[in-house]
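Report on the structure given below.
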Amino acid sequence: MTGYGRARQTLHERDITVELRSVNHRYLDVNVKAPRIYGFLEEAAKTAVASLIARGKVDVFISIDSGASGDVRISLNHKILEGYLDALHEMRDQYGLTDDISVMRLARLPDIFSAEKQEADADELTKDVLEVLAAAGADFCAMREREGAKMKEDILSRGQTILQLVAEVEKRSPQAVEEYRAKLTARMNEVLADTTIDPQRILAEAAIYADRTAVAEETVRLRSHMHQMEVMAAEEKPIGRKLDFLVQEMNREANTIGSKANDIELAKIVVDIKSEIEKIREQIQNIE
């Protein structure tokens with residue numbers, strides 16, 4: 001299921017931003033993108049994401065601006081400063097210049113100061129990033145839940161449509177048998193016009209046809225699958241793979257009905273059933 005979440009906080013003088021983006025995937029695949037110097041965050045971030053989502057391709061973007069934090073230390077280059085002072089004093093004495101040397105003037109000279117990036121406290125930074133990730137995760141999950149609610153409504157609606165079509169199959173099946181018996185009687189009367197027709201033979205042929213085209217078992221199983229789908233949809237845990245398997249079983253029952261149905265009306269209904277099942281299958285690919 002697709003999802004997006006973003007959070008930004010300033011913790012321990014670091015500006016931390018975390019973004020989560022997910023797309024459909026058969027398994028859980030987490031890719032963490034963070035500054036190279038913070039590579040130690042990757043495993044902790046993956047573990048945190050795994051607690052939020054069971055299936056999907058998730059990209060985690062971590063941005064850390066520590067310019068105002070203690071991660072950067074400014075130091076004075078004493079040797080360079082002393083060299084500047086010696087040169088300035090020599091200039092003053094040799095040329096009789098006014099001594100206007102000041103701190104601010106010296107501070108503007110090149111290489112007087114050096115900025116060194118300090119080693120970040122890994123434990124502290126990891127804790128801070130996970131805090132921001134949790135906030136982004138809450139936004140991420142909320143979006144997925146809203147999308148999931150819409151999918152659930154659509155899937156259950158299509159399930160009801162399938163049940164209505166199954167009822168039509170159950171109604172039409174005995175009618176098809178009766179129509180076959182009537183056609184068989186008419187055909188035999190036409191062919192054997194001068195011969196007495198044995199009613200038992202007609203009944204036997206009709207019984208064979210009814211047995212060969214009986215779809216009661218398949219419609220019962222389809223109804224059972226529909227009920228299972230409704231139960232799963234109410235569960236508060238990942239059900240995508242289970243639903244995927246269930247839809248395969250539903251499609252198998254529909255195919256069996258189609259292969260048995262020697263009747264154009266039943267064939268049309270089966271096509272509609274398979275169309276609804278396929279739409280459910282497409283939606284299930286988006287479900288965790």
Side-chain angles (χ1 to χ4, degrees), residues 2-23 25 28-53 56-146:
T2 57
Y4 176 80
R6 185 179 186 275
R8 178 181 178 182
Q9 295 183 32
T10 300
L11 302 171
H12 294 102
E13 298 184 308
R14 299 186 187 94
D15 187 8
I16 302 173
T17 303
V18 176
E19 287 188 15
L20 301 175
R21 298 177 184 175
S22 73
V23 293
H25 198 271
L28 178 61
D29 179 17
V30 182
N31 182 32
V32 178
K33 298 179 181 180
R36 184 174 299 179
I37 60 172
Y38 301 126
F40 56 84
L41 295 170
E42 183 172 349
E43 286 305 314
K46 284 185 175 181
T47 300
V49 171
S51 68
L52 299 174
I53 179 173
K57 187 178 187 305
V58 186
D59 288 320
V60 183
F61 301 91
I62 301 174
S63 172
I64 302 171
D65 183 0
S66 56
S69 73
D71 291 349
V72 178
R73 184 171 67 87
I74 304 298
S75 60
L76 179 64
N77 292 323
H78 293 279
K79 292 295 184 181
I80 294 177
L81 174 60
E82 290 170 4
Y84 277 128
L85 285 172
D86 289 343
L88 289 171
H89 289 155
E90 182 182 349
M91 184 187 299
R92 178 199 60 191
D93 295 340
Q94 184 171 345
Y95 297 103
L97 300 175
T98 301
D99 189 347
D100 59 351
I101 299 173
S102 66
V103 171
M104 293 306 297
R105 287 179 181 273
L106 290 172
R108 295 190 184 99
L109 296 174
D111 302 322
I112 289 293
F113 300 107
S114 63
E116 299 178 358
K117 194 160 188 65
Q118 300 287 76
E119 188 72 22
D121 185 331
D123 291 339
E124 178 185 83
L125 183 56
T126 299
K127 181 181 178 181
D128 290 347
V129 168
L130 290 181
E131 182 177 334
V132 181
L133 192 152
D139 190 25
F140 172 79
C141 290
M143 177 180 175
R144 283 162 51 84
E145 287 174 2
R146 290 193 297 271

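- The side-chain heavy atoms of L106 and I101, taken from C-beta on, include a pair separated by under 4.5 Å.
- Applying side chain to side chain contact (heavy atoms under 4.5 Å, CB included) to I64 and the options L125, V132, D128 leaves one that passes, L125.
- Here E43 pairs with K46 under the side chain to side chain contact (heavy atoms under 4.5 Å, CB included) rule; sequence neighbours left out.
- With contacts defined as side-chain heavy-atom distances shorter than 4.5 Å, the pair R6/T17 qualifies.
- Using a 4.5 Å cut-off on side-chain heavy atoms (C-beta onward), I112 and N77 make no contact.
- Side chains of R21 and F140 form no contact here, defined as non-hydrogen atoms less than 4.5 Å apart.
- Of the possible donor and acceptor atoms, one in the side chain of S51 sits under 3.5 Å from a partner among the backbone N and O of A48.
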Start with the C-alpha gap between I62 and Y38, add the side-chain angles, then the distance that decides, and say whether side-chain contact (heavy atoms from CB on, under 4.5 Å) holds.
CA-CA 9 Å; I62 301 174; Y38 301 126; over 6 Å; no
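- Without hydrogens or angle criteria, S22 side chain to G3 main chain gives a donor-acceptor distance under 3.5 Å.
- The CG atom of L109 lies 8.5 Å from the CG atom of L81; values are rounded to the nearest 0.5 Å.
- The closest side-chain heavy-atom distance from V60 to L133 is below 4.5 Å.
- Among pairs with a residue in residues 101-113, none fulfils side-chain hydrogen bond (donor to acceptor under 3.5 Å, both in side chains), at least two apart in sequence or across chains.
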Tell me, with the steps shown, if I53 and R144 meet side-chain contact (heavy atoms from CB on, under 4.5 Å).
CA-CA 10 Å; I53 179 173; R144 283 162 51 84; 3.5 Å; yes
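- Between R92 and D99, at least one side-chain nitrogen of the basic residue sits less than 4.0 Å from a carboxylate oxygen of the acidic one, meeting the salt-bridge criterion.
- Using a 4.5 Å heavy-atom threshold, the side chains of I16 and S63 count as separate.
- Here OG of S114 is found 8.5 Å from CG of L76. Values are rounded to the nearest 0.5 Å.
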Just distance, no hydrogens or angles: give the donor-acceptor pairs under 3.5 Å from side chains in residues 83-91, sequence neighbours left out.
| unit_1 | atom_1 | unit_2 | atom_2 | d |
| --- | --- | --- | --- | --- |
| Y84 | OH | P110 | O | 3.0 |
| H89 | ND1 | L85 | O | 3.3 |

Begin with the C-alpha distance, continue with both residues' side-chain angles, and end with the deciding distance and a verdict on salt bridge (Lys or Arg N to Asp or Glu O under 4.0 Å) for K33 and E19.
CA-CA 10 Å; K33 298 179 181 180; E19 287 188 15; over 6 Å; no
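- When side chains are defined from C-beta on, T126 counts as touching F40, because their heavy atoms get closer than 4.5 Å.
- In this structure, R14 does not pair ionically with D65, as no charged nitrogen and carboxylate oxygen lie closer than 4.0 Å.
- Taking CG from D15 and OG1 from T10, the interatomic distance works out to 4.5 Å, rounded to the nearest 0.5 Å.
- Two residues are said to be in side-chain contact when any heavy atoms from C-beta on lie closer than 4.5 Å; L52 and L20 meet this criterion.
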